Amino acid sequence: MNKTILDCRTFQDYLEIIDNMYRLGWDERNGGNISVLLDQPDVDEYLCGGKNVIREIPLPLEVDPILVGKVFAITGTGRYFRNTKKHPEENTGVIRIKEDRKTAELLWGFSTGGKFTSEIFAHMMCHATRLKVNPKNHVIMHCHPQNILTYSSIHDLDEESFTKDLWRTMTEEVIVFPEGIGVLPWELCGTNKIGVDTAEKMKEYRCVIWTLHGIYGAGDDLDEAFGLIETVEKACMLYLMALPFEKKQVITDENLKEIAEGFHITPKAGYLK
Ligand code: 2HA
Ligand code: ZN
């Protein structure tokens, strides 16, 4: 029997993480979307080298030349994370970016005729941006975690104070996102503009908040992108839990500097006074 993408370890991890994200309550109904850049050895082994194009799907943008020939596993528009592990071939697909930069070649999936996420513009823009900053980046992940949304509704959106209040919730926060967090004010989703704005933030940050909508996270692999989002989500939860109470202990800027020194990380310049 020929191997399929379902035998690929990265794809199996992708389905597992989608399932986890649903269970965590981050991806209600058709909420959330993930795209994962697949490496050529996986394309060769599990997709017959990409020889079989099922159909072509127009892209709503002309993507950056860096993405030509790249192959992505990507979740489907209108599809539910809840159903994806059980029925992956209907709910996800594998696409390759064609040379014209305006077409996706479907190599696997979307078996009931669907297509990629409505946020394709943001995903492709963010992949291009992150690959230029970090050639090892493979994952762009979007979801709607409860505490991140709530935090974005009650906190001011200034990136410095948004980030620092999260760094102060738990010792290890600053180690996970020393560069800080990018924040976009509320914007309409699914548009080219929000894709451009998110990718612009991703020049500097691996994680970008969409106020009252959710978060975009980037990472070298699924674990890194997921780990980043869950760490930010936990910080938001801790902040909200402590909010009604008088604080008797706090992590100071001095403490944050000690953590930075101890763990050899460089927090965003200017944030620690
Ligand atoms: O696809 O989360 O932002 C559902 C979404 C859009
Ligand atoms: Zn969303």
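A quick note: this is a predicted structure, and the numbers were derived from the prediction, not measured. We count ligands from 1, going down the list as the structure has it; atoms in each ligand are counted the same way.
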| query | Should the ring pair H144 and H142 be called parallel, tilted or perpendicular, given that the plane angle runs from 0 to 90° and is split at 30 and 60? | reply | perpendicular
| request: Establish, yes or no, whether a centroid distance under 6.0 Å links the rings of Y151 and F162. | output: yes
| said: Checking W210 against T198: is there a side-chain donor and acceptor pair closer than 3.5 Å? | reply: yes
| task | Establish, from distance only, whether the side-chain atoms of D64 and H127 form a donor-acceptor pair under 3.5 Å. | result | no
| message | Can you list everything that forms a salt bridge (Lys or Arg N to Asp or Glu O under 4.0 Å) with D197? Sequence neighbours excluded, please. | response | K193
Between ligand 1 and the protein, which N/O pairs are shorter than 3.5 Å?
residue, atom, partner, partner atom, Å
ligand 1, 1 (O), N33, ND2, 3.2
ligand 1, 2 (O), G32, N, 2.9
ligand 1, 2 (O), H142, NE2, 3.3
ligand 1, 2 (O), H144, NE2, 3.0
ligand 1, 3 (O), E119, OE2, 2.7
ligand 1, 3 (O), H142, NE2, 3.2
ligand 1, 3 (O), H213, NE2, 3.1

| task | State, yes or no, whether a side-chain contact exists between V174 and I251 at a heavy-atom distance under 4.5 Å. | result | no
| salt bridge (Lys or Arg N to Asp or Glu O under 4.0 Å) partners of R96, counting only residues at least two apart | E105
| said: Strictly under 2.8 Å of the Zn ion (ligand 2): which protein N/O/S atoms qualify? | reply: H142 NE2, H144 NE2, H213 NE2
| Below 6.0 angstrom between ring centroids: does that apply to W167 and Y239? | no
| request: Start with the C-alpha gap between T252 and N255, add the side-chain angles, then the distance that decides, and say whether side-chain hydrogen bond (donor to acceptor under 3.5 Å, both in side chains) holds. | output: CA-CA 5 Å; T252 63; N255 298 147; 3.1 Å; yes
